Amino acid sequence: MTESDNSPSITDLPEGCVTDILSITSPRDTCRAASISKAFNSAANSDAVWDRFLTPDYREIISRAVSPVVFESKKQLYHRLSESYIILDHGYLGLKLDRESGRKCYMLGARDLSIAWGNDTRYWEWGHVPKSRFAEVGILRNIWWLDIQGRIASAMLSTKTTYIAYLVYRITRDSWGLSAAGKTIVSFCGVRNEVPNVYLDQSGQTLLEFTLGQAHTPAMRNDGWMEIELGEFYCDNGDEGEVEMVFQEHHRNKGGLIVEGIELRPR
């Protein structure tokens, strides 16, 4: 037997040490490490490790879920919270965890937003559409003054995190007037960031804007909805007050927009 055969190996570490090591890595690294040895596999599935990856207030969060959140282990709970949104409170707010980092993502449902003339049936109607996370979405019938605003307390967000806010929506086949340039505004901690030339329908961008890269256009999501970036901000300690996110377009008459909500995701 050579000297190298007797040298220590990482697979010889006791499970307690492995648990401590994995708990300061990431969910992805932990899943990969499960194949190293029996000790690593046991630690990689332990509640002690996955409790570190869950947001500290997860018990309070799942207690607010509209439907019960059923799980048999902390690992199973983490995967449940990172797979899709759970709907909270009165059904107007969704939360999930970012699969890579465990940081909180939020979806403010359309009913949780402030929409100009949103309660006037001449301009907006409310109903459910397939693939929506929420019981109701905002359906634009006909309006000139499109103004959609969302607010969220920074205390609800993950600290030390840069967030990007998105308006999540669809455009119906018989839509009109949505190709005009709007603007977005994100206000936080006394700082107001405004971005012009934002299009819900990218067909409205001019050739010059396209050539110079000055237009901000939507992207298709994996869930069948569209999204347009509203802006970003940094949440430091979670005690900085409210974040305000706005989309505005006041240039022409328009209709055929379906608003799902505003999503906040870690960058």
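All values reported here derive from a predicted model rather than from experimental measurement.
Residues Trp124 and Ile143 share a closest heavy-atom pair of NE1-CD1, 3.7 Å. Here the closest heavy-atom approach between residue Ser132 and residue Val137 is recorded as OG-CG1, 3.3 Å. Counting all heavy atoms, side chain and backbone alike, Ser158 lies closest to Tyr163 at N-OH, 3.0 Å. Across Glu240 and Ser154, no two heavy atoms sit closer than the pair N-OG, 3.2 Å.
A salt bridge links Asp223 with Arg133: the closest approach of a Lys/Arg side-chain nitrogen to an acidic carboxylate oxygen falls below 4.0 angstrom. Ion pairing between Arg80 and Glu72 fails under the 4.0 Å rule for side-chain N and carboxylate O. Salt bridge present: Arg265 and Glu227 bring a charged side-chain N and a carboxylate O closer than 4.0 Å. Arg267 has a carboxylate O that lies under 4.0 Å from a charged side-chain N of Glu232, or vice versa, which qualifies the two as a salt bridge. The residues Asp236 and Lys160 are annotated as salt-bridged, a charged nitrogen and a carboxylate oxygen being separated by less than 4.0 angstrom. Electrostatic pairing of Asp51 and Lys74 counts as a salt bridge here, judged by a charged N lying under 4.0 Å from a carboxylate O.
For Glu83 and Tyr78, the side-chain atoms include no donor-acceptor pair closer than 3.5 Å. Donor-acceptor pairing under 3.5 Å is lacking for the side chains of Ser187 and Arg192. In summary, the side chains of Asn142 and Lys254 do not present any donor paired with an acceptor at a separation below 3.5 Å, with no hydrogens or angles considered. No donor-acceptor contact under 3.5 angstrom links the side chains of Tyr106 and Lys96, judged on distance only.
Note: Ile164 CD1 to Leu230 CG = 10.5 Å, rounded to the nearest 0.5 Å.
Not a single donor-acceptor pair under 3.5 Å links the side chain of Thr55 to the backbone N or O of Tyr58.
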